[in-house]
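Data block below; observations after.
Chain naming here is simple, since letters A, B, ... match the order of the sequence lines and numbering starts at 1 in each.
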Amino acid sequence: MPTIDLETETGRKEALRRMLTIRQFDTTAGERFADGEIPGFVHLYIGEEAVGVGACSALEDDDYITSTHRGHGHCIAKGLDPKPMMAELYGKREGYCNGKGGSMHIADVDAGMLGANGIVGAGPPLGTGAALTIDRKGEDRVALSFLGDGAVAQGQVHSAANLAATWDLPVIFLVENNHYGEGTPVEEQHNVENLSATAGAYNVPGITVDGMDITAVNEAVTEARERARAGDGPTFIEAETYRFHGHFEGDEELYREDDEVERWEARDPIETFAQRLIDRGELTNEEYEALQSEVETTIEEALEYAQSAEEPAPEEAYDDMFAAEVPEITEFARRVRADGGDPDGGER
Amino acid sequence: MASAGLEAEATETMTVREAIRETLREEMARDEDVFLMGEDIATMGGVLDVTGDLHEQFGKDRVRDTPIGESGFMGAATGAAATGSRPVVEIMFSDFLGVAMEQVMNQMAKMRYMFGGKTEMPVTVRTTEGGGMGAASQHSGTVHSWIAHFPGLMAVAPGTPAAAKGLLKSAIRSDDPVFFFENKMIYEQSGEVPVDEDFTIPLGEAHVEREGSDVTVIATQRLVGESLSVADELEGDTDVEVIDLRSLYPLDTDTIVESLEKTGRLVVADESPLSYGTHAEVVARAVENAFYSLDAPIQRVGVPDTHMPFSPSLEREVLPDGAEVRDAIERIV
Ligand SMILES: Cc1ncc(C[n+]2csc(CCOP(=O)(O)OP(=O)(O)O)c2C)c(N)n1
Ligand SMILES: [Mg+2]
């Protein structure tokens, strides 16, 4: 059973809800970041929602994904809870990674989400590895690696793709071509018209779809998933999309013109899909508004949860380096914290 | 765990190469999740013949010949380890680790920490190090200091067949990433190895190979055997204690300190380049923890910050050996 069945009316509404949730989550994250509440940097997924939701809907709950630096949308699409997600952006203990990961490293391995990733191109080898586990254990599941158009230039992507194709591993490579890697347009980074052409080098199917259309993405991933499960190996899917915000929040966007942004905004993947449901009589304007305000509440609650969540205690910085007890960590922590970890006592 | 008291146990004579291969065989038989991947490790049996016939017993699904793409297969091993596999990767020569370092340093080493402890990383990386066979600069490096330096990775480097077995078992059974560094010049070195299939050596435990009271030689890999020979040569004159460091990270500070409290003199012999490395860390531990026991300047024996030259005469010049260990001892005793 796909996570969300776009063949059904309930499924379509659920998909719409997830896209709205991503939009609202990232809108809020962007605002809170601009206000200086969220540390570090955030890369927003706004505009690309149809790719994440279209893809993850086609997966089953126990399939794996690997994500990118622009990972919030993938998390929500995979079914992660906005509360611990937002708490993670805030660096709180209740976050998915107890505050150690932040926006670029959110993960929920039990839910099959093997991590956002701060290294461009690092996801595909990891997804290939998850597929290797699946293959070796004879499990009926697949892995999907999201990667950006920029990431397609990385050696490790090709190294992994070659391995996955040669070993017929059940992995899908989904290239989110949002037409820029930071400020450099895709044409200046690649010598091919379509990034799905990459597939040709590995003798696996490569297809380019409209990434602003959730159905197109969903169908492509559904088919790729069947291929993967059947033991026929990976598929490259290029989804053409666009990020409505800058590369990161605060980006001055010197590399693109307003009219280009407007042209893409006119193809808003959420509005397009909602309109389609309305036209078909599956959704009324009132229901759509109700859905939007439900989502707003969800994200408001997530925000409150994150804001009021606890900070990790400083000594938690020393946890989780290894599964085993390592004397160096204990000893060096003791020296740094001459107070023995007692917040009231001793000198540092 | 049966780590101490080698004397009491049933042993058999084996080379380092055999000890590694038989350990892999035992661990693969013991745990279905253990599998091997690397370049030419199946049909060819490994370029230095370590994996040998394992593919015949376990098949090419569990002894996997990979394409020549270290970044891809190191990443695949990392992803596999995060999802319930227990891969043992072979990097043909440690010099090739550079190609795979992104996955090692940013994924394998960091995932557990970044995810707040919510994943395990039970992966072992075996690789071969060292000069001595005329393999020149790109096939003779000793890189274990970088790995030991990098938080989140464990590193071991056995100097004897028994240590090879015990450490490799611990590495494979560990839920943390462990790098297992094999010096290519000691594959043929033989010694007594406990036959117990559960013979493990805890990661982070050095071993006193020979007791002595005048000077401590802390050695690794090939230099363990060479230092033992030097100790024999000096017997009657100088009473040399030889320690096989075995684990580079974690590092056994206690054994170092205990020995220095007895001898007051230290020589550190390791084939890595002398600056900023394994020697320096051992020295730092000694100075931090046994400063008042030291009676003489500490001596370092290693590669003098050059690459490995090809010409055998040049290679001999830069490779540390027993004679250098002996000179170092004589300078301070
Ligand atoms: C190995 C590496 N190189 C460079 C960067 C800096 N960087 C972060 S995101 C980014 C652009 C990535 O572009 P793309 O893959 O198209 O993803 P997008 O941001 O468009 O979603 C760059 C260069 C990085 N994080 N990792
Ligand atoms: Mg891009």
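- Counting all heavy atoms, side chain and backbone alike, A/P125 lies closest to B/G72 at CB-O, 4.0 Å.
- Residue with the most contacts toward chain B among A/L169, A/T166, A/N117, A/V171: A/N117 (heavy-atom pairs, distance under 4.5 Å).
- Each of A/H105, A/E331, A/K100, A/E88 has some count of heavy-atom pairs under 4.5 Å with chain B, and the biggest count is that of A/K100.
- Across B/P87, B/G152, B/G204, the residue that shares the most heavy-atom pairs under 4.5 angstrom with chain A is B/G152.
- In terms of heavy-atom pairs under 4.5 Å with chain B, the best-connected choice from A/M104, A/E328, A/Q156 is A/E328.
- Using a 4.5 Å cut-off between heavy atoms, B/L153 touches chain A through its backbone atoms (N, CA, C, O) alone.
- Within the 4.5 angstrom heavy-atom criterion, no atom of A/D110 approaches chain B.
- Judged purely by atom type and a 3.5 angstrom limit, B/D176 uses its side chain to pair as donor or acceptor with the backbone of A/A324.
- Contact tally against chain A (heavy-atom pairs below 4.5 Å) for B/L251, B/T119, B/D252, B/T253: the top residue is B/L251.
- With respect to B/D33 and A/K137, a salt bridge is recorded, a charged nitrogen being found less than 4.0 Å from a carboxylate O.
- Shortest non-hydrogen contact noted between B/S85 and A/T133 is OG-OG1, 2.7 Å.
- Atom NZ of B/K110 is separated from atom CD1 of A/I119 by 6.5 Å, given to the nearest 0.5 angstrom.
- Both the backbone and the side chain of A/F322 come within less than 4.5 Å of a heavy atom of chain B.
- Remark: A/L132 CG to B/T78 OG1 distance equals 11.0 Å, nearest 0.5 Å.
- In terms of heavy atoms, B/T83 sits closest to A/G129 at OG1-O, 4.2 Å.
- Legend: residues meeting side chain to side chain contact (heavy atoms under 4.5 Å, CB included) with A/A87, ordered by chain and number and at least two apart, are A/K92, A/E94, A/Y305, A/A306.
- When the candidates B/P67, B/A77, B/A109, B/G79 are compared by the number of heavy-atom contacts under 4.5 Å with chain A, B/G79 comes out ahead.
- Of the listed residues (B/G69, B/G117, B/A100), the one with the most heavy-atom contacts under 4.5 Å to chain A is B/G117.
- With chain A as partner, the option from B/E70, B/E32, B/M121, B/M154 having the largest number of non-hydrogen pairs under 4.5 angstrom is B/M154.
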* Apply side chain to side chain contact (heavy atoms under 4.5 Å, CB included) to A/L126 and B/M111, showing your working. => CA-CA 11 Å; A/L126 298 171; B/M111 271 168 81; 4.3 Å; yes
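- Residue-environment remark: CZ (A/F41) stays at or below the threshold of 12 foreign heavy atoms within 6.0 Å.
- Heavy atoms of B/N106 lying under 4.5 Å from chain A belong exclusively to its side chain.
- For A/H69, the ring pair (Phe, Tyr, Trp, His ring centres under 6.0 Å) partners two or more places apart in sequence, or in a different chain, are A/H43, A/H247.
- Nearest heavy-atom pair, A/A122 versus B/Q107, reported as atom, atom and distance to 0.1 Å: CB-NE2, 3.1 Å.
- The shortest non-hydrogen separation linking B/G116 to A/N98 is O-ND2, 3.8 Å.
- When A/S159, A/A107, A/C97, A/P312 are compared by the number of non-hydrogen pairs under 4.5 Å with chain B, A/C97 comes out ahead.
- Heavy atoms of A/L114 lying under 4.5 Å from chain B belong to its backbone as well as its side chain.
- When all heavy atoms of B/F115 and A/G115 are compared, the closest pair comes out as CZ-CA, 3.7 Å.
- Ion pairing of A/R335 with B/E288 is present here, as a side-chain N (NZ or NE/NH1/NH2) and a carboxylate O approach within less than 4.0 Å.
- Checked for salt-bridge contact, A/D108 and B/K118 miss the test: no charged N lies under 4.0 Å from a carboxylate O.
- Between A/T128 and B/F73 there is no side-chain heavy-atom pair separated by less than 4.5 Å.
- In this structure, no portion of B/D254 lies under 4.5 Å from any heavy atom of chain A.
- Per-residue heavy-atom pair counts under 4.5 Å with chain A were compared for B/R285, B/E120, B/M74, and the maximum is reached by B/R285.
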